[in-house]
Each structure stands twice: as C-alpha cells, then as structure tokens.
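Input: a single structure, listed below in structure tokens.
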Amino acid sequence: MSLNKVILIGNVGRDPDVRYFDNGAAVANFPLATSERGYTLANGTVIPERTEWHNVVVRRDLVSFVEKWVKKGSGLYVEGKIRTRSYDDQAGVKRYVTEIHADRVEFYSTGSGNRDNVAGTAMAGGQPQATAQPAGYQQPVSGQPDTSLDSNSADDLPF
C-alpha cells in the first residue's frame, strides 16, 4: 500500500498566476510559505526560524476559487499530492521541480477573531462553498473529542 498526501498550512507568497488554455482548461500556480518556529536549546544554542517554500498547482474547479479569493499574504490550508517533474533548461541542464497538486484549498487564520465568521473553502470536483462553525460552537478541550454535534454516543458502538 502507498499514499501520496500532503497537508500544508501557510501563507501565499504572491498573487496566483492563472492561465487559461484553448480547450477551456485552466491552471493556477502560487508559492506557499510554511515556517517552523525558532527556539533556544537548554544549553543556549539558538535554532533560527526555518521557512520552506512550496510550489502549489491548482486545476479544475479550484482555479476559479483561487483566482477570485486567494491573494498574496492569504493564510491557506492546502491538501494535495506531491509531484516531481523534470525539464531541460536553456543550457540543456536537466532541472527538477517539486510541486504540490492541490485537491483542497481553504482559508486558514491563526487569529483569535470571531469563530462565527464564514471561511471560504473549495475542493477539486466541487463548487466553492462556505463553511462556518455552528452557533454556540466551542473548541473542544485538547485531548478530548468534540461530541457536541454527534448524535451517536459511545454506547451505540457495535463492538
């Protein structure tokens, strides 16, 4: 068994580049930055923040969502597959490019704003749709599952 799945949460580095083709297909590309926080070890060694840049490729129904809503600086949650392709540059040197082919794109915010705000989301094969937390929703306590919206209780499990 094998699985090729990538989940990234980061910020868009520049406005998406959207291209349309004669056959009606479209593709959008943009860089996404993810960062690991810096820290200091017990012995005083400082480990600096590390930022990785990812090339995100969006196709099909996601393109219209990205074109309309995603801008430089947008916080995004991206699910997709990692793909590597090669090409020969102008000097004839073989180059490799690693890309994230997105299947799902959602806005992501680390701010402590109002949880009832509607956030945009889009998935490949579907139309952009709005998502929001239900009224009165509270974040579950760490380590405990959120059962507030679940009509099934643990006693109903067949095992």
Side-chain angles (χ1 to χ4, degrees), residues 1-41 45-113 115 117-134 137 139-146 149-150:
M1 181 176 152
S2 65
L3 175 67
N4 181 355
K5 183 168 185 155
V6 176
I7 298 175
L8 299 172
I9 297 174
N11 292 9
V12 177
R14 66 172 162 71
D15 287 347
D17 174 34
V18 179
R19 289 175 287 158
Y20 290 91
F21 302 101
D22 292 338
N23 65 359
V27 65
N29 298 292
F30 59 88
L32 187 75
T34 58
S35 297
E36 295 178 34
R37 239 185 249 204
Y39 56 95
T40 304
L41 298 174
T45 303
V46 176
I47 307 298
E49 179 176 296
R50 179 181 174 143
T51 300
E52 294 285 338
W53 287 94
H54 312 276
N55 298 315
V56 178
V57 178
V58 177
R59 298 183 188 276
R60 298 181 301 276
D61 297 338
L62 290 173
V63 174
S64 61
F65 174 82
V66 168
E67 182 176 37
K68 185 173 182 178
W69 299 105
V70 174
K71 304 291 181 227
K72 178 180 179 178
S74 296
L76 293 183
Y77 168 92
V78 175
E79 277 185 32
K81 296 172 181 61
I82 191 166
R83 299 239 172 105
T84 303
R85 62 181 172 87
S86 64
Y87 67 95
D88 294 329
D89 68 8
Q90 293 176 346
V93 177
K94 186 170 227 113
R95 302 283 183 177
Y96 294 90
V97 178
T98 301
E99 300 169 322
I100 307 303
H101 286 244
D103 295 324
R104 181 177 181 147
V105 174
E106 291 185 27
F107 282 108
Y108 182 84
S109 173
T110 58
S112 59
R115 288 191 178 273
N117 285 345
V118 175
T121 181
M123 294 191 312
Q127 293 296 321
Q129 53 190 347
T131 59
Q133 300 297 346
Y137 177 84
Q139 183 68 23
V141 177
S142 179
Q144 295 179 346
D146 179 15
L149 301 175
D150 188 5

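Below, all heavy atoms of this structure are taken into account, side chains as well, without hydrogens, waters or symmetry copies.
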Distance check, rounded to the nearest 0.5 Å: S35 atom OG versus R50 atom CZ?
11.0 Å

Mark yes when over 12 heavy atoms from residues, nucleotides or ligands other than F21 sit less than 6.0 Å from its CZ; otherwise mark no.
yes

So CD1 of I82 and NZ of K5: to nearest 0.5 Å the spacing works out to 14.5 Å

More than 12 heavy atoms from other groups under 6.0 Å of CG on D22
no

E106 vs Y108, test: side chain to side chain donor-acceptor pair (under 3.5 Å). Steps then yes/no.
CA-CA 6 Å; E106 291 185 27; Y108 182 84; over 6 Å; no

Between G92 and D88 the two heavy atoms that sit nearest each other are O-OD1, 4.4 Å

Decide if atom NZ of K68 counts as having more than 12 heavy atoms of other residues, nucleotides or ligands within a radius under 6.0 Å.
no

Against V12, only a single residue in V56, V78, L32 fulfils side chain to side chain contact (heavy atoms under 4.5 Å, CB included); can you say which?
L32

Which atom pair, heavy atoms only, marks the closest approach of T51 to A33?
CG2-CB, 4.0 Å

Taking side-chain hydrogen bond (donor to acceptor under 3.5 Å, both in side chains) as the definition, give me every residue that meets it alongside K94, ordered by chain and number, with sequence neighbours left out.
none

Would you call Y96 and T98 a side-chain contact if the rule is heavy atoms closer than 4.5 Å?
no

State, to 0.1 Å, how close A102 and V58 come at their nearest heavy-atom pair, and which atoms those are.
CB-CG2, 4.0 Å

Enter the distance from K72:NZ to D15:CG here, rounded to the nearest 0.5 Å.
8.0 Å

Looking at W53 and G13, what are the two nearest heavy atoms and their distance?
CZ3-CA, 3.6 Å

Just so I know, are the side chains of R83 and R85 near enough to count as touching, which here means a heavy-atom distance under 4.5 Å?
no

Measuring from K81:NZ to N4:CG, what's the distance to the nearest 0.5 Å?
7.0 Å

Side chains of L76 and F30, heavy atoms from C-beta outward: is any pair under 4.5 Å?
yes

Find out whether R60 and D103 are in side-chain contact, i.e. whether some heavy atom of one side chain is under 4.5 Å from a heavy atom of the other.
yes

Is there side-chain contact between T45 and T40, with at least one heavy-atom pair below 4.5 Å?
no

Taking every non-hydrogen atom, the tightest pair across N11 and G75:
OD1-CA, 3.8 Å

Of all heavy-atom pairs linking L8 and H54, the shortest is CD1-CG, 3.7 Å

Side-chain heavy atoms of P31 within contact of R14, under 4.5 Å
yes

State, with a plain yes or no, whether a side-chain heavy atom of N55 is found less than 4.5 Å away from one of N29.
no

